[in-house]
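What follows is one structure encoded as structure tokens, with my remarks underneath.
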Amino acid sequence: MPNPLSFNVVLESALSKISNVVWRFTQLMNKRISYNVIHPKWSKEPTLKSHEKTSPPLGFPRQTDSLCPRCVIETREKILSGEADLEKMMKEHPGYIKQRMQDREGIITIEKECPKHGSFKDIMSLNVDFTKRIESLFSGRDFKIPSDRLHQHGKSSIQYGRGAVLTMDLTNRCNMMCDPCFMDANQVGYVHELNLDEIKKILWDSANAHTPKRQTSLQFSGGEPTISPHFIEAIRYAKELGFFSVQAATNGIRFAQDREFCREAAKAGLRFAYLQFDGTTPEQASGRGVGNLLEVKRQAIKNLAEFGITVALVVTVVNTINNDQLGGIMEFAMENIQNIHTVAFQPVSFTGRDEDLSEEQRLKWRYTLSHLVRDLKQHTGYLETMRDWFPLSASSPFSDLSDLMKGPGQDWGTLKCGCHPNCGIASFVMVNMTTKEQTPVSKFINVDQFMKDVIDINDYARRPQITKVLVALALLRNWSAKEAPTGMRFVDLLKQLDSHSGGNLGISHSKRFRWGMLTLAGMWFQDLWNYDFRRTEMCTIPYATQMGEISFCAYNTGVGYRKILENIHQNAALGEWYKKNGRHAVYAKGKKVPLEEQISAVPSEMAPV
């Protein structure tokens with residue numbers, strides 16, 4: 001008798017070919033029927049068809065608007081000292097200069113010149129073919145944001161999209177002294193910490209005053225957000241407003257020390273913890289200044305998992321410092337795949353404590369997305385540069401599909417990451433929960449073509465039942481049973497993808513599967529040496545602040561709204577704060593974090609969604 005698995009491969013291969021024929025027939029039919037126009041309740045205008053979406057200038061060479069690093073720092077210092085006015089700066093745009101990105105023998109360089117401070121050069125990519133591929137997969141910008149009170153920040157204003165991760169800094173205090181640190185925590189000489197009324201007002205504005213009304217993943221950050229006395233209540237209020245996913249960007253110390261705190265956070269609605277994690281060796285961990293940092297991370301993951309909070313490892317990558325740690329980090333994620341769903345690699349942004357580096361040091365430490373894919377291919381042996389990586393915005397057609405499937409009566413638009421293709425990349429790996437076999441999704445699914453098929457489905461905008469059939473056809477025709485993970489059937493994949501996407505197809509009733517999906521993300525935040533206003537105006541990670549929603553890069557780098565806003569709205573000078581409230585613990589210079597429980601291995605089990 002033939003092997004059942006072999007028979008299944010032959011059967012599914014045949015079905016894939018048949019579905020391709022059926023798909024082509026449906027394409028002919030759909031093109032003869034006019035497209036449906038969908039005007040959802042949450043938007044002031046109909047959803048955009050693919051031909052209606054615009055794109056920023058892409059390709060090389062090209063020119064964009066940027067900033068002179070020196071002019072910006074000088075202007076910011078004048079504002080902080082009272083010599084210059086912020087409103088005047090937003091109108092006059094000091095430091096604005098042109099920037100060219102050019103292909104120089106396969107390496108993309110960034111070059112700009114200031115009439116006062118001279119020329120500046122940096123690297124955008126070591127691999128022009130890779131970067132061109134990423135840009136070619138950009139599917140178009142989302143809605144143009146109408147002018148409103150949340151987006152009044154001059155040329156730094158966000159102009160497109162809904163925002164995917166809304167970030168709120170609860171405090172600038174921290175219990176570590178990291179370098180790099182893009183906010184220079186504990187070193188600015190004052191405390192900026194939101195009270196509960198301010199938190200609620202800012203969150204209410206973002207939930208109700210933004211047009212279009214959209215769903216986002218809300219991230220509480222800092223400093224270290226768990227230091228804020230309002231951390232738990234902020235989570236609870238966010239859930240009351242309707243934010244479906246609340247997360248915390250954290251070093252994990254509080255979660256490692258206090259199981260009850262984890263329980264309270266989970267009960268309030270915390271879903272994810274974005275855990276700072278830069279390496280797996282004691283030598284690398286010691287670079288953050290905490291004597292037992294690896295123990296802290298393991299205990300935090302264990303405690304968070306106990307109460308159902310999933311972890312994403314967040315890795316700041318600095319060239320020649322910790323890029324050799326990527327293999328170990330991947331292994332750590334695989335060992336704990338039941339609790340870790342994402343590894344987010346963030347090539348270093350030279351801001352905060354690192355804004356004044358010498359040019360020699362900056363170029364030595366510079367790490368780009370092209371560095372990342374090269375190093376991960378070397379460390380994993382299976383991630384292919386030109387097959388397995390996509391712009392973060394490649395998820396946009398699937399957000400549009402979700403909006404289509406849910407219908408026009410929804411109160412909120414689906415979370416949508418429509419950022420510039422130079423901002424970030426992602427790859428997706430299926431991991432067998434027992435054997436730890438790892439297979440890139442794009443090895444057994446033609447993801448490039450599947451995305452194009454989904455864009456067509458969105459343009460047709462047929463009834464939900466027809467749309468479900470079209471999606472299944474598109475997926476099956478792009479499915480390769482021969483390349484799929486051992487033992488995986490097409491129906492297994494369909495059920496798991498349905499579960500991960502919110503159950504829109506209505507075929508999955510399980511939350512645990514034989515395979516786990518690990519997302520690998522690369523998020524390259526800008527600094528003053530590679531700043532591009534075309535990226536800023538498409539930001540999908542806005543900061544929710546006392547001055548509205550500000551682009552992540554405009555807030556932390558660029559004009560540097562963080563330093564200006566926190567200075568204006570500071571609670572007290574650091575010394576005054578300590579006198580009134582006492583000092584919080586800071587773990588630095590090798591000091592160990594006291595842990596209540598003995599570290600033990602994180603148990604292995606089937607993967608939660």
Side-chain angles (χ1 to χ4, degrees), residues 56-58 62-73 75-76 93 95-101 108-112 114 120-125 131 134-135 138 153-161 163-165 167 180-184 314 316-319 344-357 359 362-363 365-372 391-393 417-425 521-543 549-564:
L58 300 173
R62 73 170 182 259
Q63 182 171 276
T64 188
D65 297 315
S66 187
L67 291 166
C68 167
R70 302 304 170 205
C71 286
V72 168
I73 294 173
T75 301
R76 188 194 305 148
H93 317 306
Y96 284 62
I97 58 177
K98 295 296 181 180
Q99 174 173 286
R100 284 187 65 78
M101 286 88 99
I108 304 174
T109 62
I110 295 173
E111 303 171 12
K112 54 188 176 182
C114 171
F120 300 90
K121 294 183 179 180
D122 216 308
I123 296 174
M124 178 180 177
S125 174
T131 304
I134 294 299
E135 291 191 351
F138 180 64
H153 309 106
K155 285 187 175 292
S156 297
S157 299
I158 301 173
Q159 299 182 33
Y160 296 91
V165 179
T167 304
C181 175
F182 58 70
M183 74 168 300
D184 205 8
V314 183
T316 301
V317 191
V318 184
N319 198 32
F345 298 98
Q346 297 179 353
V348 63
S349 171
F350 296 114
T351 186
R353 290 190 184 136
D354 293 320
E355 198 170 58
D356 296 323
L357 290 177
E359 180 178 13
R362 171 169 51 84
L363 293 177
W365 284 353
R366 174 65 75 195
Y367 196 80
T368 69
L369 296 175
S370 62
H371 287 80
L372 177 65
L392 289 176
S393 54
C417 183
C419 59
H420 193 288
N422 297 153
C423 289
I425 57 175
M523 194 71 200
W524 193 25
F525 297 117
Q526 302 182 93
D527 52 46
L528 288 171
W529 287 268
N530 55 26
Y531 203 82
D532 182 352
F533 278 95
R534 300 295 79 77
R535 289 177 59 181
T536 303
E537 65 193 21
M538 295 169 60
C539 180
T540 58
I541 311 180
Y543 266 84
E549 292 187 7
I550 307 176
S551 155
F552 185 102
C553 291
Y555 192 64
N556 291 304
T557 63
V559 172
Y561 276 96
R562 173 191 290 282
K563 291 185 178 180
I564 297 170

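Computation of the quantities below employed the complete heavy-atom set of this structure, encompassing side-chain atoms and omitting hydrogens, waters and symmetry-equivalent molecules.
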May I ask you to test the Thr64-Gln99 pair for a side-chain heavy-atom distance under 4.5 Å? yes
For the residue pair Ser551 and Thr536, what are the closest heavy atoms and their distance? OG-CG2, 3.4 Å
Side-chain touch Thr75/Val559, heavy atoms, less than 4.5 angstrom: no
For side chain to side chain contact (heavy atoms under 4.5 Å, CB included), just list the numbers for Glu135 and Asn422, CA-CA rounded to whole Å, side-chain angles, deciding distance to a tenth of an Å, and then say yes or no. CA-CA 7 Å; Glu135 291 191 351; Asn422 297 153; 3.0 Å; yes
Under 4.5 Å between any side-chain heavy atoms of Lys155 and Leu67, yes or no? no
State, yes or no, whether a side-chain contact exists between His371 and Pro347 at a heavy-atom distance under 4.5 Å. no
How close do Ile158 and Cys539 get, counting heavy atoms only, and between which atoms? CG2-O, 3.7 Å
Side-chain contact, heavy-atom cut-off 4.5 Å: Asn530 with Met101? no
Residues at least two apart in sequence or cross-chain that pass side-chain contact (heavy atoms from CB on, under 4.5 Å) with Arg70, listed by chain then number, are Cys68, Ile73, His117, Phe120, Trp529
OG (Ser66) and CD (Glu111) are apart, to the nearest 0.5 Å, by 12.5 Å
Under the criterion ring-ring contact (aromatic ring centres under 6.0 Å, His included), I'd like the reasoning laid out for Tyr96 against Phe533: C-alpha separation, chi angles, the key distance, then a yes or no. CA-CA 10 Å; Tyr96 284 62; Phe533 278 95; 4.8 Å; yes
So, do Lys121 and Thr109 sit near enough that their side-chain heavy atoms are less than 4.5 Å apart? no
How long is the gap from OG1 on Thr557 to CZ on Phe525, to the nearest 0.5 Å? 10.0 Å
Would you call the rings of Phe552 and Tyr543 parallel, tilted or perpendicular, where under 30° means parallel and over 60° means perpendicular? tilted
Looking at CZ of Arg76 and SG of Cys71, how far apart are the two atoms once the value is rounded to the nearest 0.5 Å? 12.0 Å
State, yes or no, whether a side-chain contact exists between Cys423 and Met523 at a heavy-atom distance under 4.5 Å. yes
Heavy-atom closest pair (Leu528 atom, Gly558 atom, distance to 0.1 Å) is CD2-O, 3.3 Å
Keeping Thr316 on the side-chain end and Val348 on the backbone end, is there a donor-acceptor pair under 3.5 Å? no
Given the rule in the side chain to side chain contact (heavy atoms under 4.5 Å, CB included) test, do Val165 and Thr540 qualify, once you have shown the distances and angles that lead to the verdict? CA-CA 6 Å; Val165 179; Thr540 58; over 6 Å; no
Partners passing salt bridge (charged side-chain N to carboxylate O under 4.0 Å, His left out) against Lys98 (at least two apart in sequence or in another chain): Asp65
Which atoms form the tightest heavy-atom contact between Ala554 and Ser156, and what is the distance? CB-CB, 3.8 Å
How many angstroms lie between atom CG of Asp354 and atom CG of Asp527, to the nearest 0.5 angstrom? 10.0 Å
Rounded to the nearest 0.5 Å, the CG atom of Asp356 sits from the OG1 atom of Thr351 at a distance of 9.5 Å
Do the side-chain N and O atoms of Arg562 and Asn556 include a donor-acceptor pair separated by under 3.5 angstrom? yes
Result of checking Arg62, Arg535, His420 against Pro56 for side-chain contact (heavy atoms from CB on, under 4.5 Å): His420
For Lys112, is there an ion pair with Asp532 - N to carboxylate O distance below 4.0 angstrom? no
Taking every non-hydrogen atom, the tightest pair across Leu58 and Pro421: CD2-CG, 3.9 Å
Atom CD1 in Ile550, atom CD1 in Ile541: separation rounded to 0.5 Å? 15.0 Å
Evaluate the side-chain proximity of Met538 to Arg534: yes if any heavy-atom separation is below 4.5 Å, no if none is. no
Where do Trp524 and Ile123 come nearest, in terms of heavy atoms and distance? CH2-O, 3.8 Å
